[in-house]
Colleague: 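Let me give you the structure first, and then I'll get to my questions.
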Amino acid sequence: MSEMIFREEALQEMERIRNRYPDKRAALIPVLHIAQREAGYLSSDCKEMVARLLDIPPVDVEGVARFYTMFKNRRMGRYLIQVCTTLPCALMGAEQMVDYLSHKLNVKVGGTTADERFSLVTVQCLASCGTGPAMMINGDHFENLTPEKIDNILAELP
């Protein structure tokens, strides 16, 4: 495996974070965020490199990377659409918005469009319990979703 997975600046940032903690495991989540930012997702090579950097077992890195939905363990589309399906959003129509997006984009939940432009996933809680249904696209937050609002949001994407 090549050390060139990450830019030198990212490696230095990871090392600074690692050095803040007496127990290197405590640096795992912030270091995984940097790895994902660099590579777009957490490939096996990324996770192995993080394990080496933190001197922890690769299985520990894998477990954290798979447990938290914020980490992507496979390549995603250019736009990652995350729709909240927690109870408050569900009561306000989240499932209908998921179905609408799935049909509109011709992609199943958990999948990526054929042109690799969009990935559609459901997530738990986007902290919009009073303004659901809610979704995030690459970190941008959208609330009070309707099919019309979704159409407008998607039309604005480059």
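Reckoned from all heavy atoms, side chains included, excluding hydrogens, waters and symmetry mates.
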Colleague: I'd like to know if Arg18 pairs up with Asp55 as an ion pair, taking the criterion as any Lys NZ or Arg NE/NH1/NH2 lying under 4.0 Å from an Asp or Glu carboxylate oxygen.
Modeller: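 Salt bridge between Arg18 and Asp55, a charged N being under 4.0 Å from a carboxylate O: no.
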Colleague: Side-chain contact test, heavy atoms from C-beta onward, threshold under 4.5 Å: evaluate it for Ile17 versus Arg20 and give yes or no.
Modeller: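 With C-beta onward as the side chain, the pair touches.
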Colleague: Does any N or O in the side chain of Ser119 come within less than 3.5 Å of the main-chain N or O of Met76, such that one atom is a donor and the other an acceptor?
Modeller: no
Colleague: Treating Thr146 as the side-chain partner and Lys149 as the backbone partner, does any N or O pair qualify as donor plus acceptor under 3.5 Å?
Modeller: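 A pair under 3.5 Å: yes.
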Colleague: Should we say atom CZ of Arg37 is surrounded by more than 12 heavy atoms from elsewhere, each under 6.0 Å from it?
Modeller: yes
Colleague: The test is side-chain contact (heavy atoms from CB on, under 4.5 Å); show your working for Thr85 and Val123 and say whether it passes.
Modeller: CA-CA 6 Å; Thr85 56; Val123 295; over 6 Å; no
Colleague: Are the side chains of Lys47 and Arg66 in touch, meaning some heavy atoms are under 4.5 Å apart?
Modeller: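 They are in contact (side-chain heavy atoms under 4.5 Å apart), so the answer is yes.
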Colleague: How about Asp99: does its CG atom have over 12 heavy atoms from other parts shown lying under 6.0 Å from it?
Modeller: yes
Colleague: Yes or no on side-chain contact (heavy atoms from CB on, under 4.5 Å) for Gln12 and Glu8, after CA distance, side-chain angles and deciding distance?
Modeller: CA-CA 6 Å; Gln12 290 172 1; Glu8 184 59 34; 3.4 Å; yes
Colleague: Does a sphere of radius 6.0 Å around CD in Glu156 hold more than 12 heavy atoms from other residues, nucleotides or ligands, not counting ones at 6.0 Å or beyond?
Modeller: no
Colleague: Under the 4.5 Å side-chain heavy-atom rule for ILVMFWY, direct or indirect, which residues accompany Met92?
Modeller: none
Colleague: Side-chain donor-acceptor pair under 3.5 Å between Ser43 and Asp45, yes or no?
Modeller: no
Colleague: To the nearest 0.5 Å, how far apart are CZ in Arg78 and OG1 in Thr113?
Modeller: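 Answer rounded to 0.5 Å: 11.5 Å.
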Colleague: Counting only N and O atoms by type, is there a donor-acceptor contact under 3.5 Å from the side chain of Thr112 to the main-chain atoms of Glu116?
Modeller: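 No; zero donor-acceptor contacts below 3.5 Å.
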Colleague: Under 3.5 Å, is there a donor-acceptor pair between the side chain of Asp60 and the main chain of Ile56?
Modeller: no
Colleague: Running the 4.5 Å side-chain criterion over Ile, Leu, Val, Met, Phe, Trp and Tyr, what cluster does Leu157 land in, apart from itself?
Modeller: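 Its cluster mates, by chain and number, are Tyr79, Ile81, Val83, Met97, Val98, Tyr100, Leu101, Leu105, Val107, Val109, Phe118, Leu120, Met135, Ile137, Phe142, Leu145, Ile150, Ile153, Leu154.
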